[in-house]
Amino acid sequence: MIFKTNNKEIRLVFSTRKIVTVSNLLKGKNFEELYFDAMNKNDLEALSKIIYTFAEDEAGIRSFKNFDEVYDFIDDYKEENKKTYEDVYMELAGAINDEGFFTKKMTKKELQSKISDPLSSIKMDEVIKSSAEKAITKVVEKEAFQGYLG
């Protein structure tokens, strides 16, 4: 995939090593979950880390020296191509999917469904854990209150 502005052209090259690097930068294990979570939150820091990690020139050398350069590039790309952050995320998702770097290669319909469903990125075990903690807290508060009255 190529992103191009008047001042710079970058190639996004996907590899397993880079997927693991991005997962570590975003502090997680599952790249697909991390990606769609960042996309649904419109996380600009995550977007810059993703682009920074995958971007290289024709010789295979990193395209950016630091994240500030990535932010400037994203601003230029958005302005020159009349894009939003969501558009950039969607373009990336399409390319990553086409290269087969999500858990499974999705059809365009499956990918669009994953993109448009913010709940798809929420880890159900975290929701269950949070709900259980709240329920336990209420039970403990109720018992403590009854013990205080009794």
Ile51 versus Phe64: any side-chain heavy-atom pair under 4.5 Å?
yes

Look at the rings of Phe73 and Tyr77 and say which category their plane angle falls in: under 30° parallel, 30 to 60° tilted, over 60° perpendicular.
parallel

Between the side chains of Lys18 and Glu56, is the shortest nitrogen-to-carboxylate-oxygen separation below 4.0 Å, so that they form an ion pair?
yes

Just to verify, what does Glu86 make a side-chain hydrogen bond (donor to acceptor under 3.5 Å, both in side chains) with, not counting sequence neighbours?
none

Quick check: do Phe31 and Thr16 have side-chain heavy atoms less than 4.5 Å from each other?
no

Neighbour count >12 (heavy atoms, 6.0 Å) for atom CD, Glu80
yes

Measure up the Phe14 and Phe101 rings against each other and bin them: parallel (under 30°), tilted (30 to 60°), perpendicular (over 60°).
tilted

Close side-chain approach of Asn30 to Phe102, heavy-atom, < 4.5 Å:
no

Could you check whether the rings of Phe67 and Tyr52 sit parallel, tilted or perpendicular, using 30° and 60° as the cut-offs?
tilted

Heavy-atom side-chain contact between Glu32 and Lys104 under 4.5 Å:
no

I want to check something: taking the side chain as every heavy atom from C-beta on, are Leu111 and Phe36 in contact at a cut-off of under 4.5 Å?
yes

Looking only at the side chains, is there a donor atom on one of Thr21 and Asn24 sitting less than 3.5 Å from an acceptor on the other?
no

Carboxylate-amine/guanidinium proximity below 4.0 Å for Glu110 and Lys114
no

